[in-house]
Amino acid sequence: MEAFSDGVVAILITIMVLELRAPHDASLAGLRPLIPVMLSYLLSFVFLGIYWNNHHHLLQAAERVNGLVLWANLHLLFWLSLIPFVTAWMGENHFTKWPVALYGTVLLMSAIAYNILVQALLALHGPDSLLASALGSDFKGKISLAFYPVAILMAFVKPSLSCALYTLAAIIWFLPDRRIERTIIR
């Protein structure tokens with residue numbers, strides 16, 4: 001499951017970078033129109049990296065998987081697979097309301113899907129497991145789930161504030177979640 005998921009994330013990042021088109025203008029000024037595209041790419045690259053990193057740590061603490069966990073993982077990969085599309089749409093349209101709102105919707109659904117995967121693993125491993133001990137209260141996960149709906153609604157008022165909230169969520173998660181590492185090392 002981990003290798004498959006790693007492969008999917010690698011393909012998603014590859015798809016995103018292939019969407020970047022070099023300008024015909026050979027001067028640095030020719031890059032200026034690509035700034036929104038590059039910013040959306042950078043944000044999405046960071047989000048995919050965060051999911052890949054946390055998914056890796058999550059599976060390090062898991063001792064086994066079952067059918068429910070496999071389907072929950074596939075559900076997560078489905079939502080992550082939409083990131084290249086919404087990234088391209090948002091960048092090409094210079095962060096207008098509908099692309100920004102849909103981007104946030106995909107981020108929200110990815111976060112929900114990740115939470116479902118965590119819950120499926122916890123149900124399989126039990127409340128006294130190493131995994132349950134490692135995950136603890138998951139403050140960062142809860143705060144992220146609160147940011148996304150607010151950012152989605154904000155996209156219809158001021159899309160730049162939505163993007164700021166998405167960026168804040170990425171900053172919160174940028175440093176890997178050390179709870180699992182600390183628990184496994186003990």
Side-chain angles (χ1 to χ4, degrees), residues 1-20 36-62 69 72-91 95 99-122 131 134-152 154-155 161-185:
M1 184 173 95
E2 186 175 4
F4 175 74
S5 300
D6 288 350
V8 169
V9 172
I11 290 168
L12 296 176
I13 289 172
T14 302
I15 289 169
M16 282 193 327
V17 79
L18 291 175
E19 288 289 321
L20 301 177
V37 173
M38 290 300 297
L39 289 174
S40 64
Y41 169 77
L42 176 63
L43 184 61
S44 294
F45 183 91
V46 168
F47 270 114
L48 285 172
I50 289 166
Y51 274 103
W52 173 76
N53 196 319
N54 286 302
H55 187 270
H56 176 75
H57 283 104
L58 179 67
L59 293 182
Q60 278 185 327
V69 169
N73 191 65
L74 199 57
H75 178 235
L76 170 63
L77 294 176
F78 168 77
W79 289 106
L80 294 180
S81 75
L82 293 174
I83 287 179
F85 171 74
V86 293
T87 299
W89 195 35
M90 187 170 69
F95 303 96
V100 170
L102 187 60
Y103 186 84
T105 301
V106 170
L107 292 179
L108 173 63
M109 296 308 296
S110 296
I112 289 169
Y114 186 83
N115 192 22
I116 290 169
L117 174 60
V118 167
Q119 295 308 312
L121 282 165
L122 286 172
L131 180 66
L135 289 173
S137 68
D138 192 23
F139 174 76
K140 289 194 319 185
K142 290 174 184 162
I143 195 77
S144 297
L145 282 171
F147 277 4
Y148 298 132
V150 171
I152 292 164
M154 187 60 62
L161 289 179
S162 296
C163 293
L165 281 175
Y166 302 148
T167 302
L168 183 58
I171 289 169
I172 289 170
W173 281 101
F174 190 75
L175 294 175
D177 196 342
R178 301 280 186 225
R179 295 173 296 166
I180 294 174
E181 283 182 353
R182 283 192 300 262
T183 303
I184 291 174
I185 292 172

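Along the sequence shown, residues are numbered consecutively beginning with 1. Any value given below was found using the heavy atoms of this structure, including those in side chains, with hydrogens, waters and symmetry copies removed. Here the structure is a predicted model, which means the values were calculated and not measured.
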For Ser162 and Ala155, work out which heavy atoms get closest and say how close. OG-N, 2.8 Å

Please report the shortest heavy-atom distance between Phe147 and Leu165, naming the atom on each side. CD2-O, 3.9 Å

Stepwise side-chain hydrogen bond (donor to acceptor under 3.5 Å, both in side chains) test for Trp52 and His56: CA-CA 6 Å; Trp52 173 76; His56 176 75; 5.7 Å; no

Shortest non-hydrogen contact from Gly141 toward Trp173: N-CZ2, 3.3 Å

Quick one: list whatever passes side chain to side chain contact (heavy atoms under 4.5 Å, CB included) with Ser5, sequence neighbours left out. Met1, His55, Asn73, Leu77

Please find the pair of heavy atoms, one from Ala120 and one from Ala72, that lie closest to each other, and give the distance. CB-CB, 4.2 Å

When rounded to the nearest 0.5 angstrom, what distance separates CG in Leu39 from SG in Cys163? 9.0 Å

In Å, rounded to the nearest 0.5 Å, how long is the span from OG of Ser110 to CG of Leu48? 8.5 Å

Can you tell me how far the CD1 atom of Ile15 sits from the CD1 atom of Ile83, to the nearest 0.5 Å? 11.5 Å

Output the distance between atom CG (Leu76) and atom CG (Leu80), rounded to the nearest 0.5 Å. 4.5 Å

Report the relative orientation of the aromatic rings in Phe47 and Tyr103; use parallel for angles under 30°, tilted for 30 to 60°, perpendicular for over 60°. perpendicular

Steps toward side-chain contact (heavy atoms from CB on, under 4.5 Å) verdict (Tyr166, Val100): CA-CA 10 Å; Tyr166 302 148; Val100 170; 3.8 Å; yes

Give the C-alpha distance, both sets of side-chain angles, the deciding distance and a yes or no for side-chain contact (heavy atoms from CB on, under 4.5 Å) between Leu20 and Met38. CA-CA 8 Å; Leu20 301 177; Met38 290 300 297; 3.8 Å; yes

4.5 Å side-chain heavy-atom contact, Val9 and Tyr51: no

Do the non-hydrogen side-chain atoms of Ser81 and Leu12 ever get within less than 4.5 Å of each other? yes

Nearest-0.5 Å distance, CE of residue Met90 to CG of residue Leu43: 5.5 Å

If you take all heavy atoms of Met16 and Phe45, which pair is closest and at what distance? CE-N, 3.6 Å

Should Ile112 and Tyr148 count as side-chain neighbours, where that means a heavy-atom distance under 4.5 Å? no

What is the distance from atom CD1 of Ile152 to atom CG of Leu107, rounded to the nearest 0.5 Å? 8.0 Å

Determine the interplanar angle of the Trp89 and Phe85 rings, folded into 0 to 90°, and report it as parallel if under 30°, tilted if 30 to 60°, perpendicular if over 60°. parallel

For Pro149, all residues meeting side chain to side chain contact (heavy atoms under 4.5 Å, CB included), sequence neighbours excluded: Leu108

Check whether any side-chain heavy atom of Leu122 lies under 4.5 Å from a side-chain heavy atom of Gln119, and answer yes or no. yes

Which heavy-atom pair separates His75 from Ala113 by the least distance, and what is that distance? ND1-CB, 3.4 Å

Qualifying residues under side-chain hydrogen bond (donor to acceptor under 3.5 Å, both in side chains), relative to Thr87, sequence neighbours excluded: Ser44

